[in-house]
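The structure appears right after this line, and notes come after that.
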Amino acid sequence: MNVDLSVEIGGLRLKNPVLTASGTFGYGIEFADYLDLSRLGGIVTKGLSLLPRRGNPPPRIVETPSGLLNAIGLENVGLENFARDILPALAKTGTRVIVNFFGDSVEEYAQMAAELDGLGGVDALELNISCPNVKAGGMAFGTRPESAAAVTAAVRARTGKTLIVKLSPACDAVAVARAVAGAGADAVSCMNTIPAMAIDPATRRPRLANVTGGLSGPAVRPVAVKMTFDVARAVTIPVVGVGGIMSGDDALEFVMAGASGVEVGTANFTDPCAAVRVLDGIEAYCARHRVREYRTLIGSLLTDGAPTSCG
Amino acid sequence: MGKGRASPDRPAETVRGASAAGISLVRHLSGGYFLMTLDVPVSFSAAVPGQFVMVRPPGRYPLLARPISIHDCRRVGRAARIDLLVREAGEGTRALGALRRGDRVGIWGPLGKGFSDAAAKRRVLVAGGRGIAPMWFLARRLFDAARADRPAIDLFYGARSSDELHYVDEFRAIGVKVHIATDDGSRGYKGMVTGLLRDKLGVKTRPPRHKKKEPAATQLGMFDPAPVPPPAPAATVEKAPPPVFCACGPMPMLRAVHDVAAALGAICEVSLESRMACGIGVCLGCAHETAEGGLMHVCKDGPVVDSRVVFGSGVQGGTGG
Ligand SMILES: Cc1cc2nc3c(=O)[nH]c(=O)nc-3n(C[C@H](O)[C@H](O)[C@H](O)COP(=O)(O)OP(=O)(O)OC[C@H]3O[C@@H](n4cnc5c(N)ncnc54)[C@H](O)[C@@H]3O)c2cc1C
Ligand SMILES: Cc1cc2nc3c(=O)[nH]c(=O)nc-3n(C[C@H](O)[C@H](O)[C@H](O)COP(=O)(O)O)c2cc1C
Ligand code: FES
């Protein structure tokens, strides 16, 4: 059976709904040895800032039950190096390129947006206002509806490209989603990592040099599905689901909860071919359940009349 | 950032692959070690000593793969076979050790930069504990019959106790001169392997200075793989060119080996460890501070680096190790 997997996210047409999550797929081209990049719906890059950033001191990662705790601190090569050394190759991979970016101030976010708007080969932008591991530039903007709307509006004014705003789970996500939708976002992604921490009792020390970090992986999936479900019902713009997706069935949880597309993150570390396996899983599900158009699965959750408010 | 850069003294990154590999042997050894043999695609046979693989048991737990050095590697028909020598350190390595012949693991590699292939009349290998793992592959390669420049190899091998020493006879059988140290004196020299190394080479390094380097705040800190200039020969060198040192083990040991090599004006290559999630340069989790206050990524810029990259170009004192 031929399944139509295509989907549109805020004006951006994708051949299929599977994207890679920022920070888990490098700048994309590193994976060319492992999978056929052209099969992906799109690649979301590591979060970029105007200038290169060093990130946090090590240790930066530790495994926790079914999860990964990280405090990378947004280390990245900076916009200029990306545009010169990486983008030309990335733009030729035959998939959509979505640049994730952040700034230290509203002005910096706006300047980034303006420069990215002028870059050929960049198909869409993902605005990170939800990183738990840096003081400025991250969650400081994303946890209050007013500041989230202000950053979104400033960025919207400088770019006509599809704008996805990435939300934090550590706030009233529905209120922030409504605020950024009102400020001109074309879509939202749910969610960034959950602020978290782990301690080594043997040494009485935090396991990360940064003391706290962000939790990702299968451990966070139910939180992300619920957030997707809540946000998808609160806004009319499309939602991208992200958090702990390891398989096609995991991805479909988000889709049924209301997501139009999905991002595969931590799974890329457990298997460099994970994103393609998720895609294969979605396609197999569609074939098995005689779903001709993937799009019809979006928000297709059956609750059989059960109340869907908090319980 | 895509493909690794080859430099004259370091091998280029080789073809990589990701797949499920069948286990053809698990042999439990004393001291909490096990040897695992895996049937892998032929692309793994391009591995060089010092490179590693990311390996993960099947199923959902543990979540992340673990970095493990290639202990040996050979081509078998149209495929390849690699050996891993692992010490059970925690849940991830224990889960690997619980697997049986016929089970499958997720694996990708060979990864990172290995020991350089520089010609040297004499090599001194120094291994602490599980740091022995890559040394077997290295010694075997250096002794490869096809090579005209077969060097003399001394292996200084330290462990806590004699039950944690493995393959000593095998090293001797291929012609490696093995010098053993154990913390408890149950075999060989009693004390640290670097103490034995200093004794045998007649090197005295300066006492520790305990100076902590502050990373330069203004420096961006990306690792610059520009080649480090050759060390200035120290006043103490004898006529014969100094050996090339290759070390793998805990950080204090690596530093002490670096100090010995620096005192002799010798090249020293050390294999670093860091927690890793991806092994392929994308998670940025394996960052390691350099002597200059910058950052390198152990999985891509290492794990084997010139010791001056992490310890600077001077002798910093012979602490613990
Ligand atoms: C390039 C490289 C090559 C390696 N080769 C080998 C090898 O050939 N044989 C072998 O037995 N081990 C090797 N190691 C170490 C091995 O990866 C760790 O022992 C393993 O990841 C620990 O996982 P765990 O779940 O068993 O233990 P955990 O419970 O995660 O940790 C146990 C202890 O080890 C420390 N630790 C955790 N991860 C690492 C790490 N990546 N490096 C160093 N310490 C760590 C923890 O802080 C803790 O103290 C290598 C490491 C690297 C980076
Ligand atoms: C190591 C690591 C680095 C990350 N870096 C970024 C980043 O630069 N920008 C961003 O918006 N999200 C970043 N994230 C968050 C992921 O994109 C994703 O939202 C989160 O990990 C949840 O998805 P997962 O459970 O599938 O990984 C990072 C996550 C990890 C694990
Ligand atoms: S382990 Fe992921 S970047 Fe090195």
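These numbers come from the heavy atoms of this one structure, side chains and all, not from hydrogens, waters or symmetry mates. Source: prediction; values computed, not measured. Convention: sequence-line order gives letters A, B, ...; per-chain numbering from 1.
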Short side-chain to backbone donor-acceptor contact, [X] and [Y], under 3.5 Å:
X: A:R60; Y: B:L284; value: yes
X: A:E30; Y: B:I280; value: no
X: A:E63; Y: B:L64; value: yes

More than 12 heavy atoms from other groups under 6.0 Å of CZ on A:R84: yes
A:R205 atom CZ, neighbour heavy-atom count above 12 within 6.0 Å: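 Incorrect, the count does not exceed 12.
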Can you tell me which portion of [X] sits under 4.5 Å from chain B's heavy atoms? Options are side chain, backbone, both or neither.
X: A:T270; value: both
X: A:P65; value: neither
X: A:T266; value: side chain

Verdict with supporting geometry, B:V282 and A:N268, side chain to side chain contact (heavy atoms under 4.5 Å, CB included): CA-CA 10 Å; B:V282 299; A:N268 296 308; over 6 Å; no
Interface moiety of B:R56 toward chain A, non-hydrogen atoms closer than 4.5 Å: side chain
Interchain contact, B:M54 with chain A, by part (heavy-atom threshold 4.5 Å): neither
Contact summary for A:P218 and B:L63, nearest pair of heavy atoms: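 Shortest heavy-atom contact: CD-CD1, 3.7 Å.
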Side-chain heavy-atom pair A:P58, B:E289 within 4.5 angstrom cut-off: yes
Pairs of heavy atoms under 4.5 Å with chain A: top-ranked of B:A287, B:G106, B:C278, B:S274: B:A287
Distance (rounded to the nearest 0.5 Å) between A:N70 CG and B:C283 SG: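 Answer rounded to 0.5 Å: 8.5 Å.
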